[in-house]
Protein chains: 2
Amino acid sequence: MTFRIMPVTASSAVSSEPRDPLRIYSIAELAREFAITARTIRFYEDEGLIKPRRQGLTRLYSAGDRTRLGWILRGKRLGFSLAEIKELLDLYQVDRTGVSQLRELQRRSRMHIEDLQRRRSDLDAHIKEFEDVEIQVAAELKKRGAETGND
Amino acid sequence: MTFRIMPVTASSAVSSEPRDPLRIYSIAELAREFAITARTIRFYEDEGLIKPRRQGLTRLYSAGDRTRLGWILRGKRLGFSLAEIKELLDLYQVDRTGVSQLRELQRRSRMHIEDLQRRRSDLDAHIKEFEDVEIQVAAELKKRGAETGND
DNA sequence: GTTAACGTTTACGTAAACGTCAATGTGGGT
DNA sequence: ACCCACATTGACGTTTACGTAAACGTTAAC
């Protein structure tokens with residue numbers, strides 16, 4: 001039995017509700033839920049990011065597919081390109097039998113975490129700046145209010 | 001005298017060194033420092049993100065321009081579009097004489113901070129997942145190591 | 001004096017991430 | 001029988017953020 005690590009699991013579901021793991025979703029359903037278009041979902045499939053089952057031509061999405069889609073969209077919100085997201089997803093689908101492969105996974109995982117932490121620093125700095133602005137504006141408004149009354 | 005709030009100041013300089021505030025920079029210098037091309041910098045100017053002085057046709061960048069450029073690039077790293085970055089930068093160049101304008105700034109600033117905090121949540125979740133993966137891989141490697149010796 | 005390194009504008013090219021038709025099929029309600 | 005909502009596959013269009021090349025002008029080095 002192959003060793004499995006799943007970053008995209010029910011526990012990490014983006015849309016929180018604990019759903020039926022056996023449920024299947026239509027493309028329109030997922031599009032509505034995630035506020036994207038069906039075109040987008042099909043595009044992601046073209047790019048190899050999701051591979052839903054098919055009933056004839058019609059796509060059927062599993063709970064796993066849904067979670068995966070949520071994960072993709074979170075990656076997008078974080079500013080990753082689809083290519084990067086694909087790479088990250090692929091990281092977990094590769095065969096993990098060999099120790100050398102585990103080491104490689106470990107290495108890439110670390111690199112990615114370091115990247116994420118750099119982003120976090122950027123983000124924190126950004127937030128801090130805007131919080132400073134808020135404070136200064138509040139102070140100025142208070143001063144104006146004290147001087148002129150209102151507007 | 002107009003009330004001024006500057007999010008992009010020396011204190012928030014991206015590239016850390018405390019430089020001469022009177023220094024001027026050539027386009028190639030800035031390009032090297034930030035590891036981008038001159039084309040990119042000119043493009044940002046076309047888009048109204050920076051407005052360097054000119055000596056004839058040649059662009060001369062002040063320390064402020066340089067800091068501003070660093071801020072733009074950090075915004076990019078955070079996944080903002082140039083249009084969004086421009087909007088944020090413009091936010092601070094608008095006349096701030098009126099109280100109503102200060103309130104507007106406060107409102108937009110709050111909205112932006114909320115956006116940034118959502119991003120932070122996404123990012124934290126992402127980091128946590130990959131840290132979990134690291135832990136699991138490490139554990140698996142340890143187990144394998146104990147069982148098989150090495151590779 | 002010409003080669004190199006820097007600067008300029010104008011303009012066309014491109015990759016990514018979809019949007020937007022068009023043409024078609026399918027199943028359900030009235 | 002007809003409409004509506006949903007599905008499909010092309011295929012071309014669009015926006016963003018630059019890359020790249022052409023054609024040209026300075027300044028410094030050899």
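Throughout, a chain's letter reflects where its sequence line sits, starting with A, and its residues are numbered from 1.
OP1 or OP2 of D/dG19 lies within a sub-4.0 Å distance of a side-chain N or O belonging to B/T40. The phosphate of C/dG19 has OP1 or OP2 within less than 4.0 Å of a side-chain N or O from A/T37. Of the side-chain N and O atoms in A/T58, none sit less than 4.0 angstrom from OP1 or OP2 of D/dC6.
Side-chain atoms of A/R59 and base atoms of D/dT8 include no donor and acceptor less than 3.5 Å apart.
If you measure from atom CG of A/D46 to atom P of C/dG19, you get 13 Å, rounded to the nearest angstrom. Between B/E29 atom CD and C/dC6 atom C1' there is a gap of 12 Å when expressed in whole angstrom units. Remark: C1' of C/dT9 and CZ of B/R39 are 11 Å apart, rounded to the nearest angstrom. What separates CD1 of B/I41 from P of D/dA17 is a distance of 16 Å, to the nearest Å. Rounded to whole Å, the distance from CG on A/L73 to C1' on C/dC18 is 13 Å. Rounding to whole angstrom units, CD of residue A/E45 and P of D/dT8 are separated by 8 Å. Look at CG on B/L30: it is 14 Å from C1' on C/dC6, rounded to the nearest Å. Atom pair B/L82:CG and D/dT15:C1' shows a separation of 12 Å (rounding to whole Å applied).
For A/F43, taking side-chain heavy atoms from C-beta onward, the closest of the listed nucleotides D/dA17, C/dA17, D/dA7 is C/dA17. When each of D/dC6, D/dT8, C/dA17 is scored by its nearest atom to the side-chain atoms of A/R42, the top-ranked nucleotide is D/dT8. For A/A28, the side-chain atoms get nearest to D/dC6 when compared with the rest of D/dC6, D/dT8, C/dT20. Closest approach to the A/S81 side chain among C/dA17, D/dA11, D/dG19 is made by C/dA17 (side chain taken as heavy atoms from C-beta onward). Nearest to the side-chain atoms of A/R54 among the listed nucleotides D/dT8, C/dA17, D/dC18 stands D/dT8.
Ion pairing between a basic and an acidic side chain is recognised when a charged N comes within 4.0 Å of a carboxylate O; B/R54 and B/E45 show such pairing. Salt-bridge annotation for A/R107 and A/E104: present, with a side-chain N of the basic residue lying under 4.0 Å from a carboxylate O of the acidic one. A salt bridge links B/D115 with B/R119: the closest approach of a Lys/Arg side-chain nitrogen to an acidic carboxylate oxygen falls below 4.0 angstrom.
A donor-acceptor contact under 3.5 angstrom links the side chains of B/S62 and B/D65, judged on distance only.
If you find the closest nucleotide of DNA chain C to A/K76 and to B/R32, the one lying nearer the 5' end belongs to B/R32. Of the two residues contacting DNA chain D, namely B/Y44 and A/L57, the nearest-nucleotide position lying further toward the 5' end is that of A/L57.
Using the six-membered ring where Trp is involved, A/H112 and B/H126 have ring planes that are perpendicular, over 60° apart on the 30 and 60° scheme.
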